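One-based numbering, in listed order, for ligands and for the atoms of each. Predicted, not measured: the structure shown is a model, and the values here were computed from it.
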Amino acid sequence: MIQRTFSIIKPDATGRNLEGKILARIQDAGLNVVAMKKIRMTQEQAEGFYHVHKERPFFQSLVEFMTSGPVVCSVLEGENAIENYRAIMGATNPADAAEGTIRKEFAENIEANSVHGSDAPETAEYEINYFFNHLEITG
Ligand code: UDP
């Protein structure tokens, strides 16, 4: 099943010039980049994007982190893209992430964990539409 998912390369990774290395892993996993842009999220955008976490104790800190530097947003397409990308990302906490995953190799801690990937088809659709309009998505 060909699917789309939404990815963010987070500020800890852009700050260390890791965009190329992370995108290489994404492409090596068979995921095609069908849209991409580098932006600096506003506080409002970050709060809206993470609204499902707004009651969580880490919400404020997460919003501050996500607005602390540029991020690379992209739409990835491929076979089982959502699950495939989550698998190569690794666990939320890099201490728990499997060897060979993006978070194991690059993440700094549970918050500054280098990448975001949608966790389900409904969230993928919401997240893609949050940052891209259909004219910006190729293929
Ligand atoms: N996060 C955090 N502290 C926590 C859990 C999560 O700062 O205890 C941050 C982290 O950046 C994570 C994001 O909140 O990627 C969203 O959390 P979620 O549980 O959805 O993890 P993910 O789907 O990104 O693995």
> So which protein residues pack against ligand 1 under 4.0 Å, heavy atoms counted?
Replying inline: Lys10, His53, Phe58, Leu62, Arg86, Thr92, Arg103, Ile110, Glu111, Asn113

>> Could you work out, with side chain to side chain contact (heavy atoms under 4.5 Å, CB included) as the rule, every residue matching Asn80, not counting sequence neighbours?
In response: Met1

>> I need the Thr67 OG1 to Gln43 CD distance, nearest 0.5 Å.
In response: 6.5 Å

>> Quick one, Glu105 with Lys21, criterion salt bridge (Lys or Arg N to Asp or Glu O under 4.0 Å). Give me CA distance, side-chain angles, the key distance, then yes/no.
In response: CA-CA 11 Å; Glu105 181 155 349; Lys21 286 186 175 152; over 6 Å; no

>> Suppose the criterion is ring pair (Phe, Tyr, Trp, His ring centres under 6.0 Å): which pairs have a residue in residues 54-95, not counting sequence neighbours?
In response: His53-Phe58

> So how far is it from Glu79 CD to Ile2 CD1, rounded to the nearest 0.5 Å?
Replying inline: 5.0 Å

Indicate every side-chain donor-acceptor pair of residues 131-139 with a distance under 3.5 Å to a residue at least two apart or in another chain.
{"from": "Asn133", "atom 1": "OD1", "to": "Leu135", "atom 2": "N", "distance (Å)": "2.8"}
{"from": "Asn133", "atom 1": "OD1", "to": "Glu136", "atom 2": "N", "distance (Å)": "3.4"}
{"from": "Glu136", "atom 1": "OE1", "to": "Lys37", "atom 2": "NZ", "distance (Å)": "3.4"}
{"from": "Glu136", "atom 1": "OE1", "to": "Asn133", "atom 2": "N", "distance (Å)": "2.8"}
{"from": "Glu136", "atom 1": "OE2", "to": "Lys37", "atom 2": "NZ", "distance (Å)": "3.4"}
{"from": "Thr138", "atom 1": "OG1", "to": "Val34", "atom 2": "O", "distance (Å)": "2.7"}

